[in-house]
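Structure first, then comments.
Note that this is a predicted model, so its numbers are computed, not measured.
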Amino acid sequence: MADPPAGGSTKFDRDTAVWREAGSGRAQVGRQTVFGAEVAPDWRAGRGPHGGYLAAMLLRALVESVGDETRAPRSLTIHYARAPEPGPVQISTVLEREGRSLSTLSARMHQGEELIALVLAAFSLPWGGPEIDDQRMPDVEPPDPSREGFKLIEHGGPEIARHIVLQPRIQGRPFAGAGQPMEIRGWLGLAEPRPIDALSLAFFSDALIPAPFMHLSEPAAVPTIDLTVHFRERTPRPAPGRAEPDPLELCLAMTRTELIHDGFFVEDGAIWAGDGTLLAQSRQLAIVIPFST
């Protein structure tokens, strides 16, 4: 290793840490930069590590490759080829093009000889243009300031539930059968307080329970095939009267789907700050696999 992994201030930061491998210098157009990382064992969701957890790790490598705080992540698309085992992985990034305002990158995650994920991403300075916002945050009960949430892990939830504060705001209940809209809403945060940023938004984009669970009558595995996150806000905004972003702040996440066909479904998502600012939008393709098959 050229640069050892830094000890982050939270478990999320430590478990998504990346470091440059020996011989990997500053990213240059067309040249590969290689990072090491370690997949922690306690971020599992079903058959493998949580997709949002891997997304945060991959985004961290891309941010390091760009190396320019003025160019914020705007788009992240990940195709998940297979689930890694806990342990070392390697992330290779390529700065495909660096324009005056926009940087385009690709990345691959490998574990040994196995391909884990393929990635495309865009980073950019802000561009001038009209400011229009017709997507309003749903009118739901505000978050409980105690940060107490639904103990999903106590109801058979995946291992990652230990790291999440979830305060559901849904109508009906999961696995109640047909007749309910396939929509999930809830206030989200990391159990260990941390300001909301692009890394946590990448994680939150896949952190709610799958929307089809509102229509199904029993649990199922729901692996993600691909995930795209569009980041709509450059940096966290401090609340009124505060100089810095609040690490205790929860964000409101919503996902919905309307069609399951051939086992596949598309889930659209959005994440808002407490003041109604749209922070991110997402779309993923996933599969419903009954445990009985």
For a 4.5 angstrom cut-off between non-hydrogen side-chain atoms, does Met254 reach Trp272? yes
Between Val89 and the options Glu114, Met57, Glu38, the side-chain contact (heavy atoms from CB on, under 4.5 Å) test singles out Met57
Donor-acceptor pair, distance only, cut-off 3.5 Å: does the side chain of Asp197 make one with the backbone of Ser200? yes
Interatomic distance, CD@Glu85 vs CD1@Ile116, rounded to 0.5 Å, equals 8.5 Å
Once rounded to the nearest 0.5 Å, what's the spacing between atom CG of Leu279 and atom CD1 of Ile271? 7.0 Å
Derivation of the side chain to side chain contact (heavy atoms under 4.5 Å, CB included) call for Ser92 and Thr33: CA-CA 6 Å; Ser92 56; Thr33 303; over 6 Å; no
Let me confirm one number: the CG-OG distance from Leu95 to Ser106, rounded to the nearest 0.5 Å. 9.0 Å
Decide yes or no on salt bridge (Lys or Arg N to Asp or Glu O under 4.0 Å) for Asp226 and Arg283, but give the supporting numbers first. CA-CA 8 Å; Asp226 67 65; Arg283 170 169 277 201; over 6 Å; no
For Phe123 and Leu102, what are the C-alpha separation, side-chain angles and deciding distance, and is it a side chain to side chain contact (heavy atoms under 4.5 Å, CB included)? CA-CA 6 Å; Phe123 288 68; Leu102 179 70; over 6 Å; no
Transitively linked via ILVMFWY side-chain contacts under 4.5 Å: Ile289 with Phe264? yes
Answer with yes or no whether the side chains of Thr104 and Arg97 bring together a donor and an acceptor at under 3.5 Å. no
Side chain proximity check, Glu96 to Leu105, heavy atoms < 4.5 angstrom: no
Tell me, with the steps shown, if Leu250 and Gln167 meet side chain to side chain contact (heavy atoms under 4.5 Å, CB included). CA-CA 9 Å; Leu250 302 181; Gln167 297 179 5; 3.7 Å; yes
So do the side chains of Met109 and Gln90 get within less than 4.5 Å of each other, counting heavy atoms only? no
So if you build clusters from Ile, Leu, Val, Met, Phe, Trp, Tyr with side-chain heavy-atom gaps below 4.5 Å, do Leu166 and Leu252 land together? no
Heavy atoms, side chains only, cut-off 4.5 Å: are Leu59 and Val119 in contact? no
Crowded around Glu192 CD? As in, over 12 foreign heavy atoms under 6.0 Å? yes
Spacing of CD1 belonging to Ile164 relative to CG belonging to Leu190, to within rounding of 0.5 Å: 7.5 Å
So do the side chains of Glu249 and Ile196 get within less than 4.5 Å of each other, counting heavy atoms only? yes
Taking a hydrophobic cluster as the set of Ile, Leu, Val, Met, Phe, Trp and Tyr residues connected by side-chain heavy atoms closer than 4.5 Å, whether directly or through intermediates, do Trp187 and Met214 fall within one such cluster? no
I'd like to know if Asp13 and Arg194 make a salt bridge, using a cut-off of under 4.0 Å between side-chain N and carboxylate O. yes
Give me the one residue out of Phe203, Tyr80, Trp43, Phe12 that meets ring pair (Phe, Tyr, Trp, His ring centres under 6.0 Å) with His50. Phe203
Supply the atom-to-atom distance Ile225 CD1 to Leu227 CG, rounded to the nearest 0.5 angstrom. 11.5 Å
Quick check: do Gln284 and Asp206 have side-chain heavy atoms less than 4.5 Å from each other? yes
Closest non-hydrogen atom pair, Glu21 against Gly36: OE2-CA, 3.4 Å
Test item: Val288 and Phe265 side chains (from C-beta on) under 4.5 Å apart, heavy atoms: yes
With heavy-atom distances below 4.5 Å as the criterion, would you say the side chains of Leu285 and Thr224 are in contact? no
Are Leu118 and Ile287 grouped together when hydrophobic residues (ILVMFWY) are joined by side-chain heavy atoms under 4.5 angstrom apart? no
Ring centroid separation for Phe175 and Phe213, is it under 6.0 angstrom? yes
For Ala83 and Gly48, the nearest pair of non-hydrogen atoms, with its separation, is CB-CA, 4.0 Å
Heavy-atom donor-acceptor pair, Arg185 side chain to Val140 backbone, under 3.5 Å: no
Atom pair NE2 (His230) and OG (Ser205), whose distance is rounded to the nearest 0.5 Å: 11.5 Å
Can Glu233 and Leu278 be said to form a side chain to side chain contact (heavy atoms under 4.5 Å, CB included), step by step? CA-CA 7 Å; Glu233 188 67 23; Leu278 182 64; over 6 Å; no
Does His163 reach the main-chain N or O of Asp42 with its side chain, forming a donor-acceptor pair under 3.5 Å? yes
Would you say Val165 and Leu201 are hydrophobically clustered, going by side-chain heavy atoms of ILVMFWY under 4.5 Å? no
Looking only at atom types and distance, does a side-chain atom of Arg169 sit under 3.5 Å from a main-chain N or O of Glu141, one as donor and one as acceptor? yes
Within the distance-only criterion (no hydrogens, no angle test), does the side chain of Thr257 pair as donor or acceptor with the backbone N or O of Val266 below 3.5 angstrom? yes
When every non-hydrogen atom of Val229 is compared with those of Ala280, the smallest separation belongs to CG1-CB, 4.3 Å
What's the shortest heavy-atom distance between Ala55 and Leu76, and which atoms? O-CD2, 4.1 Å
What I want to find out is whether Arg136 reaches Asp133 closely enough, with some N-O distance under 4.0 Å, to be called a salt bridge. yes
In terms of heavy-atom contacts, Ala121 and Leu62 come closest through CB-CD1, 3.7 Å
Check: Arg74 side chain, Ser124 main-chain N or O, donor-acceptor pair, under 3.5 Å: yes
Within the supplied structure, the quantity of interest is the number of heavy atoms (other residues, nucleotides, ligands) at a distance under 6.0 Å from Arg256 CZ; does it exceed 12? yes
Looking at every heavy atom in both Ser101 and Trp127, which two are closest together, and how far apart are they? CB-CZ2, 3.6 Å
Between Thr77 and Thr228: side-chain donor-acceptor atoms closer than 3.5 Å: yes
Indicate yes or no for a side-chain donor-acceptor contact from Ser65 to the backbone of Ala61 under 3.5 Å, with no hydrogens or angles considered. yes
